[in-house]
Amino acid sequence: MTGLPVAAFTDPTTLFELFVSGLAKASLYAMMALGLTLIFGLLGVLNFAHGSLTMLGAYLAGVVMVTFTGSAPALLLFLVAAIVAGVFVGGVGAAMEVGLIRRLYDRPPIYQILLTFGVTLVIDELARIVVLFYGVQPTADWRTATQTKPVSMGESLDVLGASVGNLELFQIAWGVLTVAAVWAFLNRTRYGLVVRAGTEDDEMAAALGIDVRRVFTVVFALGAALAGVAGALLMWDSVWGASVPLASETLLPAFVVVIVGGLGSFRGSVLAALLVGMVDAVMTHVFDLGIVTFSGLSELTIFLILVGVLVVRPQGISGLAEVGGH
Amino acid sequence: MIAVFYFGLFAMSFDFISGYTGYLSFGHAAFYGTGGYFVVLVASGKIPLLPAGTPFMVSLLLAGVLAALLAVLIGTVSFRLSGVYFAMITLGFAQVLYVLMRDWDYLGSNPRDGVSVSNDLHPEGFEIGVPFVDQLSFAIGPLRGDELELLFLDFGATEVSYYMVGVVVLVCYLAMQRMVHSPFGRVLVAIRENEERARAVGYDTFRYKLAAFAASGFFAGIAGGLFAGYRRSVTPDNSLYFLVSGDALLASIIGGFGTLAGPLYGRLFDRTVREFLSKTGGGGGLLPLLREYVPTSVLDTPVLNGMTVGQGIETFLNGHAALYLGVVFVVFVLYVPGGLLGSVRDRLGGTVAKRLPDYLANLRR
């Protein structure tokens, strides 16, 4: 117990800092979960391999940045790395859909979970082999190697007396941009309309002459690409970094966000990411203050949110009421 | 091989709920871990009212009961959901438990590394058998436990452990077998096939599911208790983590989803592949074999960026069984939905025990 807990929460600067770090965490969570939501919304497949795809993205972006570091401003390089990660992981996703998942649409949904779970095992182990062979782990090496972020990212800005990390601002900006881009894709483009039609009723969409199979592949690739880009962003964060266990570390929060938001609901996922991010920030703060000495606090509360929401509102924040009956 | 037994039992209990009712319990590790932690904590005297000297069989049984109670609690909340949602909420509960046990400092100075039974409190291994009857109890444990001479047979400590763990697993298997083939088990299958119809016929499906979940939790708790009792330690990552449930899933799918004995074979397969691909282990394995028989000239041939064949084999085979198991798993999900045992049954047209004699007789004719 240090200091007065109440005072630590009523101070406006602290509150503001908390809010910003919550937003930053929220954008990370949103990035992790967006692809998952997209895939589940249209295909009804809960992609267990999503975390592994994120992990792939983190490594890929790391490799790009480490190889070309110094040849261009770090920020530009990051953009390139994120695009490379997105494109490559998107390709992996497309291959997965065409090669494996497509065969299972007419089976019970459990089989799709099983299949993607198997894919996770394969990807993780392959990554482990490659990492072992090229000696990029132990993590210490790789962590410093991926600290390719410009020095200015480590500094913090002074906003109205509160100090706000540059990296946090960057994460927020990146998250907001991605969310906006996906939203615009879904709501402002013709293809997005097709995707939404497929989400609502794929049989009807097929009857209207839309090649639903191709739409499925594209969306799966897109979801995977989002996972890859998320990986690129996570690589820079000091809490996450690039490592093989990143696969399951990001998979679980992504599930929480997607489920809490209501499976397949884009808006719900964004809201849930905000909720989870804010709670995470507050809980981390509570732990930092020493009010609670339980070190797994923020992780614990995330899962408690999942359980709580499912108990009170099984369909999630903005899910459809009758989705539960698969 | 003992690992095949206790984990096989866990996989069976997982299959009991998921294979028979169709509800994917992705947080089944919660019960396994509960059993494991309970047994070790009792042995360390950290559970109130239960002294460190409590017989292992008693604490094992209590571990099962505790896991069953937990299953009832989780089940009451979770069975309002189905499909993906059910899998997720059970996963959520299991993760809550995982984080709790990982970071709770009551358990030990470093809960992340798990808890173990100290050698001061229990110099001997845990005993399986009839409690308080010394002649009918045999200690188990790696590198410890009773040795036994029976008629002209000599059993070493490992063999005694093997058979004693095996006996418990066999008893549990028979009990589950009995439940599956009772009217109760039929209702479970009815729920899997078409829950609404089962409800329409007049079964209170919620209660059946809950009962099945509790029973499954009980046996998972026993399995976890056996595991911890044999190993004398338990860590959050090898008992409560969600990938442990994943391993059970792997065993069930490969062995045969919805066949009670299947997971045991699935686990056997899993262990065999792992053993075969590991550098250590008593069973030989692929790596020493290749080292012995492949000529050095081949081993030193460069393939890719200066990586030689030998290095390639090192890299791709040593301890990376999960890769190949994953591939096998995917293939099974896609092409062999019945699993090993299920496919054999399909071929024979009935359970192996019933059909094999006829089949062999046909072959002979």
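What you are looking at is a predicted structure, and each value in this text was computed from that prediction instead of being measured. A, B, ... follow the sequence lines: proteins, then strands. Residue 1 opens every chain.
- Within residues 89-99 of chain B, the residues that have a heavy atom under 4.5 Å from a heavy atom of chain A are B/I89, B/L91, B/G92, B/F93, B/Q95, B/V96, B/V99, listed by number.
- Neither the backbone nor the side chain of B/F86 has a heavy atom closer than 4.5 Å to any heavy atom of chain A.
- Of all the listed residues (A/L252, A/T301, A/I123, A/L100), the one sharing the greatest number of non-hydrogen pairs under 4.5 Å with chain B is A/L252.
- Heavy atoms closer than 4.5 Å to chain A are found in both the backbone and the side chain of B/V330.
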Step-by-step side-chain contact (heavy atoms from CB on, under 4.5 Å) determination, B/L250 to A/L121: CA-CA 10 Å; B/L250 196 91; A/L121 292 180; 3.4 Å; yes
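- Atom CZ of B/F242 has more than 12 neighbouring heavy atoms from other residues, nucleotides or ligands inside a 6.0 Å radius.
- Heavy-atom distances place no part of B/F332 under 4.5 Å from chain A, backbone and side chain included.
- A pairwise comparison of heavy atoms in B/G246 and A/F117 identifies CA-CZ, 3.3 Å as the closest pair.
- Contact count versus chain A (heavy atoms, under 4.5 Å) is highest, among B/V331, B/L100, B/V327, B/V328, for B/L100.
- Using a 4.5 Å cut-off between heavy atoms, A/F255 touches chain B through its side chain atoms alone.
- For A/I113, the part lying near chain B is the side chain, with the backbone staying farther off; criterion is any non-hydrogen pair under 4.5 Å.
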Stepwise side-chain contact (heavy atoms from CB on, under 4.5 Å) check, B/Y85 with A/L46: CA-CA 10 Å; B/Y85 293 82; A/L46 194 59; over 6 Å; no
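- Using a 30° and 60° split on the angle between ring planes, A/F48 and B/F26 fall in the tilted class, from 30° to 60°.
- For B/R197, the CZ atom sits in a loose shell: 12 or fewer heavy atoms of surrounding residues, nucleotides or ligands are nearer than 6.0 Å.
- The nearest pair of heavy atoms linking B/M88 to A/I259 is CG-CD1, 3.0 Å.
- Contact annotation for B/L334: both backbone and side-chain heavy atoms come within less than 4.5 Å of a heavy atom of chain A.
- Both the backbone and the side chain of A/L300 have a heavy atom closer than 4.5 Å to some heavy atom of chain B.
- Counting heavy-atom neighbours within 6.0 Å of B/Y265 OH, excluding the residue itself, gives a total of 12 or less.
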